[in-house]
Amino acid sequence: MQDFFEQQRPTLSFEIFPPKGKASLDKVFETVDALASLSPDLISVTYGAGGTSRDNTVEIASKIQNSYNIPALAHLSCVGSTREDIARILAELKDKGVKNILALRGDLAEGETLRDFHYAADLVRFIRQGYDFNVYAACYPEKHIEAVSMDDDLRHLKEKVDCGVNALISQLFFDNRSFYEFRDHARSLGVRVPIVAGIMPVTSAKQIDRMVSMCGATVPNSVQRFIKAFGHNSMAMKEAGIAHATEQIVDLLATGVDGIHIYTMNLPSITKQIAENIRGILYALRVKRG
Ligand code: FAD
């Protein structure tokens, strides 16, 4: 199956999430409308992340793929699922022409358990054994929050990739040095697949507190300073967040990153501004690569 990484690099892709509960999908498709105008290489749709619904991922991914003609990446997690549940979702995705899956373990909400799949690697193996999808997986520049050490986490990452992963997308990070160290370490262990950098623009102090408690990302002094200085004013925070994300991305592009994946938080105006800031750089890199 042709992977979008074979077509052009560095890639630019976006993550969106379905609404919580039974809210209408109209708002999500307004977000997709705005993001589609930026011609991304791929749009990913989360699955139950942070308490959002697991019910609409297939429908949203299918519409991105078929109505917007943008490659969709459907997230899928092990949480609460049996082999039969996963097989049913995979059959539905295949039927709807979605070709890319981000295979995750997921995080357990209260009352949930892991059933037939305990690690993302189990899901990757299951998909590889019976289906023809491009398989993506997650990686963690500052190590996964539950891992005892970076070495342990990287060993598990290598095992996961060896189960048949085509590309990795990183957890958010605010200091590029952590990404570079992680990438060098992963490469030295023989991880050869593209490693896409996940970037989350900082738009509010509350959002950062939530993210840090969920994934353990380090917030550098430079970011803490602008949150402290501008946190009271949403427009100032937005501008500072866009500037910081742009700076991170420019540096990543200058050092040969395989791709940038923006966690849009369903806020297309912020993503749009960032994409405009890097348009010429992306173009120049793609022309150079031919
Ligand atoms: P795994 O790769 O299974 O790793 C989980 C932990 O287990 C790690 O600490 C790892 O070191 C350890 N481990 C792995 N294999 C073994 C082994 N054999 N023995 C012992 N330990 C092992 N969550 C959602 O619910 N929905 C989403 O849509 C979603 N999207 C995401 C997108 C991205 C790009 C990222 C980075 C994360 C996303 N998450 C999402 C969060 C993710 O589900 C959590 O971070 C979860 O805790 C770990 O998932 P994983 O797939 O990385 O797990």
Side-chain angles (χ1 to χ4, degrees), residues 11 13-20 28 42-58 60-61 72-81 86 89 93 100-110 112-127 135-173 178-179 182 185-186 189 191 193-200 210-217 258-266:
T11 53
S13 54
F14 305 139
E15 178 189 284
I16 61 165
F17 53 81
K20 284 198 176 172
V28 176
L42 175 146
I43 296 181
S44 85
V45 188
T46 65
Y47 179 83
T52 55
S53 159
R54 293 194 180 108
D55 297 338
N56 299 313
T57 301
V58 173
I60 297 170
L73 171 63
H75 297 205
L76 185 58
S77 81
C78 305
V79 171
S81 289
I86 294 291
I89 299 171
L93 285 166
N100 307 296
I101 292 177
L102 177 57
L104 299 150
R105 187 198 66 184
D107 286 319
L108 295 173
E110 219 176 287
E112 286 184 320
T113 52
L114 290 163
R115 300 176 78 183
D116 289 343
F117 304 92
H118 287 235
Y119 296 106
D122 302 332
L123 189 51
V124 175
R125 228 176 275 116
F126 184 80
I127 299 170
V135 180
Y136 296 69
C139 63
Y140 301 83
E142 297 184 89
K143 95 170 179 58
H144 183 254
I145 198 157
E146 292 162 26
V148 271
S149 70
M150 193 62 174
D151 283 348
D152 234 39
D153 204 26
L154 275 159
R155 194 164 45 80
H156 295 137
L157 179 68
K158 171 77 168 85
E159 286 162 11
K160 177 164 70 174
V161 170
D162 287 348
C163 291
V165 168
N166 295 94
L168 294 167
I169 303 183
S170 89
Q171 183 56 280
L172 61 96
F173 57 92
S178 58
F179 180 81
F182 160 80
H185 202 154
L189 294 176
V191 173
V193 297
I195 303 178
V196 173
I199 298 293
M200 179 174 285
R210 204 166 61 85
M211 287 303 154
V212 169
S213 68
M214 267 170 66
C215 74
D258 293 312
I260 301 290
H261 191 63
I262 301 183
Y263 294 108
T264 72
M265 306 300 290
N266 292 11

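If you're wondering where the values come from, they're calculated on a predicted model, not measured in any experiment. Remember, it's 1-based here, ligands and their atoms both numbered in the order they're listed.
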Do the side chain of [X] and the main chain of [Y] share a donor and acceptor less than 3.5 angstrom apart?
X: Ser170; Y: Cys139; result: no
X: Asn166; Y: Val135; result: yes
X: Asn100; Y: Ala72; result: yes
X: Asp152; Y: Ala147; result: no
X: Asp258; Y: Ile195; result: yes
X: Asn266; Y: Phe17; result: yes

Heavy atom under 4.0 Å from ligand 1: found in [X]'s side chain, backbone, both, or neither?
X: Tyr140; value: side chain
X: Leu157; value: neither
X: His75; value: side chain
X: His261; value: neither
X: Ser77; value: neither
X: Tyr263; value: side chain

State, yes or no, whether a side-chain contact exists between Lys143 and Ser149 at a heavy-atom distance under 4.5 Å. no
Please work out whether the ring planes of His261 and Tyr263 are parallel, tilted or perpendicular, with thresholds of 30° and 60°. perpendicular
Please verify the inter-ring angle class for His156 with Tyr119; under 30° counts as parallel, over 60° as perpendicular, anything in between as tilted. parallel
Ligand 1 to [X] polar contact by distance, N or O atoms, under 3.5 Å:
X: Lys160; answer: yes
X: Glu15; answer: no
X: Glu159; answer: no
X: Leu102; answer: no
X: Glu146; answer: no
X: Ala120; answer: yes
X: His118; answer: no
X: Gln171; answer: no
X: Ser170; answer: no

Looking at non-hydrogen atoms alone, which of Leu104, Leu123, Ile145 comes nearest to atom 29 (C) of ligand 1? Leu104
Numbered in order shown, the ligand 1 atoms found under 4.0 Å of a heavy atom of Ala147 are 9 (O)
Regarding Asp162 and Lys158, does a basic nitrogen lie under 4.0 Å from an acidic carboxylate oxygen? yes
I'd like to know if atom 9 (O) of ligand 1 has any protein heavy atom within a distance of less than 4.0 Å. yes
